[in-house]
K.L.:
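For reference, the structure I am asking about is given below.
Sequence lines set the chain letters: A, B, ... in the order given, protein chains first and strands last, and positions in each chain run from 1. Since this is a predicted model, take the numbers as computed values, not measurements. All values below were derived from every heavy atom in this structure, side-chain atoms included, with hydrogens, water molecules and symmetry-related copies excluded.
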Number of protein chains: 2
Amino acid sequence: MPHDDAKLVSLNCGDCPIRHRAVCARCETDELEELERIKYYRSFEAGQTVIWAGDQMDFVASVVSGIATLTQTLEDGRTQMVGLLLPSDFVGRPGRSRAAYNVIATTDILMCCFRRKPFEDMMEHTPHIAQRLLQMTLDELDAAREWMLLLGRKTAREKIASLLSIVARRNASIQMRASERDMTFDLPLTREAMADYLGLTLETVSRQMSALKRDGVIELQGKRHVRVPDMDRLLLEAGDDSDGGFII
Amino acid sequence: MPHDDAKLVSLNCGDCPIRHRAVCARCETDELEELERIKYYRSFEAGQTVIWAGDQMDFVASVVSGIATLTQTLEDGRTQMVGLLLPSDFVGRPGRSRAAYNVIATTDILMCCFRRKPFEDMMEHTPHIAQRLLQMTLDELDAAREWMLLLGRKTAREKIASLLSIVARRNASIQMRASERDMTFDLPLTREAMADYLGLTLETVSRQMSALKRDGVIELQGKRHVRVPDMDRLLLEAGDDSDGGFII
DNA sequence: CTCTGGGCTTGATCTGGGTCAAATTCTGTC
DNA sequence: GACAGAATTTGACCCAGATCAAGCCCAGAG
C-alpha cells in the first residue's frame with residue numbers, strides 16, 4: 001500500500017530525454033512501468049500562453065521542469081491567478097470539465113503528457129494511481145479554499161505577508177530549515193504576477209512590500225531577494241490562525 | 001465501466017432509516033453493497049457548528065439531506081464561506097489534511113458517515129469509488145477556482161449576479177427548464193450568508209440586491225423569493241465570459 | 001393584538017485600495 | 001558605458017465598498 005506522503009513525481013533521471021516516472025516519494029521505487037508506454041513530451045517557452053479548455057483536451061499533463069501559472073480571466077482583461085504549477089503538478093484531468101484556464105509559462109516549461117483515453121483506462125486497473133491523483137487533488141482543493149479566505153477577507157498587507165510566508169515555507173522544505181526563524185529566498189514572481197495572485201493591483205503590492213520593509217518585517221536585496229529576520233512576525237502579519245480546532 | 005456523469009449519490013429510499021447507496025446516477029443500479037456494511041448515520045440541528053479538523057477526523061461523510069456550509073475564519077471573526085454542502089456532497093477525505101473547516105448546518109442535516117480506515121481499504125480494491133471521488137473532487141476544484149476569480153476580481157454587483165445565476169442554474173436543472181429565460185427560485189441563504197460567500201458585508205449585499213431590483217434585472221417577492229425575467233441579462237451582469245477557448 | 005427579536009433596508013460618512021501619472025531602478029545589448 | 005525597454009517605486013487623487021447608525025418588516029410568542 002502507498003505511503004501517505006507518496007506523490008506522483010517527475011524526476012530528471014540523468015541525461016535527456018528526461019524520464020517521467022510514477023514513484024513513491026518515500027520508498028523511491030517505480031510502481032508503474034505502464035506510464036512509460038503512453039507518455040510523450042512537449043515544451044513551452046517562457047511567456048507562452050496555452051488555453052486549457054478542460055473538456056476539449058485529449059491529454060493530461062504533468063510539469064517536469066519550470067514554473068507555470070494557472071489563471072482565469074474576465075473578458076475585459078481582469079485576471080486572477082488560481083494556481084501555481086510546479087514540477088510534479090498535474091494539469092488536466094481524467095474526466096470531463098467545462099472549465100477553461102490559461103496556463104502561462106513563467107519560465108521555459110517541459111511537460112510530460114499522457115493521452116487521455118489510455119491514461120483513464122490505466123487508472124481503471126491501477127488503484128494506486130487513482131488514489132494518488134485523488135490525494136493530490138484534495139491537497140489542491142485545500143489550498144484553493146485557503147486562498148479563498150485570503151481573497152475574500154484579508155487586507156492587502158495580510159495578503160502580501162501570506163504570499164511571502166508561503167513562498168518562504170516552500171523554500172524551507174527544500175532547505176530543510178523549517179525550524180529557523182531567519183529565512184532568505186528569491187521571489188519567483190513579478191509584482192504583477194503577485195498582484196494577479198492576490199487580487200490586488202501591482203501598485204498596491206509594491207506599496208505594501210515597501211511598508212513591510214519599512215516596518216522591519218522583511219529586508220530586500222534587489223527587487224526579488226527577500227530576507228525574513230523573524231518568520232513568526234511574518235506569520236503574525238499574515239493573520240493565519242494557529243489554533244488547532246476541536247473535534248465534534 | 002462507469003458513465004461520465006455517474007455520481008456517488010445519497011438517496012432516500014422510502015421510509016426511515018434512509019439508505020445510503022453508491023449508485024450510478026444514469027443507470028440507477030447499485031454498485032457497491034460493501035458501503036452498506038461500514039456506514040452509520042449522524043444528524044445535526046440547524047445552526048449547529050462542527051469544527052472539521054481534517055487530519056483528526058476518523059471518518060468521512062456525505063450529506064443525505066439538508067444544507068450545510070463550509071467556512072473558514074480568521075481569529076478576529078472575519079469569515080469566508082468556501083463551499084456549500086448539498087445532498088450527496090462529501091466532506092472529509094481519504095488521506096491526511098491539515099486544513100480545518102467549520103461545517104455550519106443551515107437546515108437540519110442528516111449525514112451518512114464512513115469510518116475512515118475501512119473506507120480507505122475499500123477504495124483499494126474498488127477503483128470505481130476512487131474514480132468517482134476523484135471526479136467529484138475535480139469538479140469542486142473547478143468550482144473553487146471559478147470562485148477565486150469572483151472573490152479576487154469581480155465587483156459587488158457582479159458577485160451578486162453570479163451568485164444568483166448559480167442558484168438559478170441549480171434550480172433549473174431540478175426543474176428541467178434550463179432553456180427558459182424566465183426563472184423563479186428561493187434563495188436558500190440569508191443576506192449575511194451571501195455576504196460571507198461573496199467576501200462582502202451584508203449591507204453591500206442588500207444594497208446591490210436593491211439596485212438589481214431597481215434596474216429590473218430581478219424581481220423580489222418577499223425577501224427570499226426571486227424572479228429573473230431574463231437569465232441572459234443576469235448572466236451579462238455576472239460578467240462571466242462565454243467564449244469557448246482554443247486548443248493548443 | 002401587541003410585543004419582541006432577527007432579518008433586512010437605507011442613509012451618512014469614512015477609508016483602503018484602485019487609478020492615473022511620473023520618476024527611478026534594473027537588464028540587458030550593441 | 002550609453003541607450004532602450006521592462007520592472008518597480010512613489011505620489012496625488014478618487015471611488016467602491018466598509019463602517020456606523022437608524023429604522024422597517026414580519027413571524028412567532030404570549
K.L.:
With no hydrogens and no angle check, is any side-chain donor or acceptor of B/Arg153 less than 3.5 Å from a backbone partner on A/Leu200?
P.N.:
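Between the backbone of A/Leu200 and the side chain of B/Arg153 there is a qualifying donor-acceptor contact (under 3.5 Å).
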
K.L.:
Measure the distance from CD on B/Glu192 to P on D/dA18 and round it to the nearest whole Å.
P.N.:
14 Å

K.L.:
Compute the bend angle of the helix from C/dC1-D/dG30 to C/dC30-D/dG1 from the end axes (five pairs per end), rounded to 10°.
P.N.:
30°

K.L.:
Please report, rounded to the nearest Å, how far the P atom of D/dA16 is from the CD1 atom of B/Ile160.
P.N.:
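Whole-Å distance recorded here is 16 Å.
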
K.L.:
Using whole Å, what does the distance between atom C1' of nucleotide C/dT10 and atom NZ of B/Lys223 come to?
P.N.:
11 Å

K.L.:
Going 5' to 3' through nucleotides 11-24 of chain C, assign each nucleotide B (protein heavy atom under 4.0 Å from a base atom), S (under 4.0 Å only from sugar-phosphate atoms) or - (no protein heavy atom that close).
P.N.:
BB----SSBB----

K.L.:
Have A/Thr79 and A/Asp196 got a donor and an acceptor in their side chains that come within less than 3.5 Å?
P.N.:
yes

K.L.:
Is a side-chain donor or acceptor of A/Arg191 paired with a backbone partner of A/Lys223 at a separation under 3.5 angstrom?
P.N.:
yes

K.L.:
Will you find, in the side chains of B/Thr204 and B/Thr201, an N or O donor that is under 3.5 Å from an N or O acceptor?
P.N.:
yes

K.L.:
According to a strict under-4.0 Å criterion, is B/Ser206 in side-chain N/O contact with OP1 or OP2 of C/dT10?
P.N.:
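Answer is no, no contact under 4.0 Å.
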
K.L.:
What is the distance from CZ of A/Arg214 to C1' of D/dT9, rounded to the nearest Å?
P.N.:
13 Å

K.L.:
Rounded to the nearest angstrom, tell me the gap between atom CZ in A/Arg191 and atom C1' in C/dC26.
P.N.:
12 Å

K.L.:
Pick base, sugar-phosphate or nothing for A/Arg78, based on heavy-atom distances below 4.0 Å to the nucleic acid.
P.N.:
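Answer is nothing: A/Arg78 stays at 4.0 Å or more from every strand.
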
K.L.:
Answer yes or no: is there an ion pair linking B/Glu219 with B/Lys213, defined by an N-O contact shorter than 4.0 Å?
P.N.:
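Result for this pair is no, no salt bridge flagged.
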
K.L.:
Within this structure, what is the CE-to-C1' distance between A/Met194 and D/dT8, rounded to whole angstrom?
P.N.:
12 Å

K.L.:
Is B/Ser210 near enough to C/dT10 that one of its side-chain N or O atoms lies under 4.0 angstrom from OP1 or OP2?
P.N.:
yes

K.L.:
Do the charged groups of B/Glu140 and B/Arg145 touch, with an N to O distance under 4.0 Å?
P.N.:
no

K.L.:
What is the separation between atom CG on A/Asp196 and atom P on D/dA7, rounded to the nearest whole Å?
P.N.:
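One finds 13 Å between P of D/dA7 and CG of A/Asp196, rounded.
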
K.L.:
For the side chain of A/Gln80 and the backbone of A/Tyr197, is there at least one donor-acceptor N/O pair under 3.5 Å apart?
P.N.:
yes

K.L.:
Donor-acceptor pair, B/Asn102 side chain versus B/Thr71 backbone, under 3.5 Å?
P.N.:
no

K.L.:
For the backbone of A/Asp232 and the side chain of A/Asp230, can you confirm whether one donor and one acceptor N or O come within less than 3.5 Å of each other?
P.N.:
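At least one qualifying donor-acceptor pair exists.
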
K.L.:
Find the distance B/Leu202:CG to D/dG17:C1' and express it as a whole number of Å.
P.N.:
13 Å

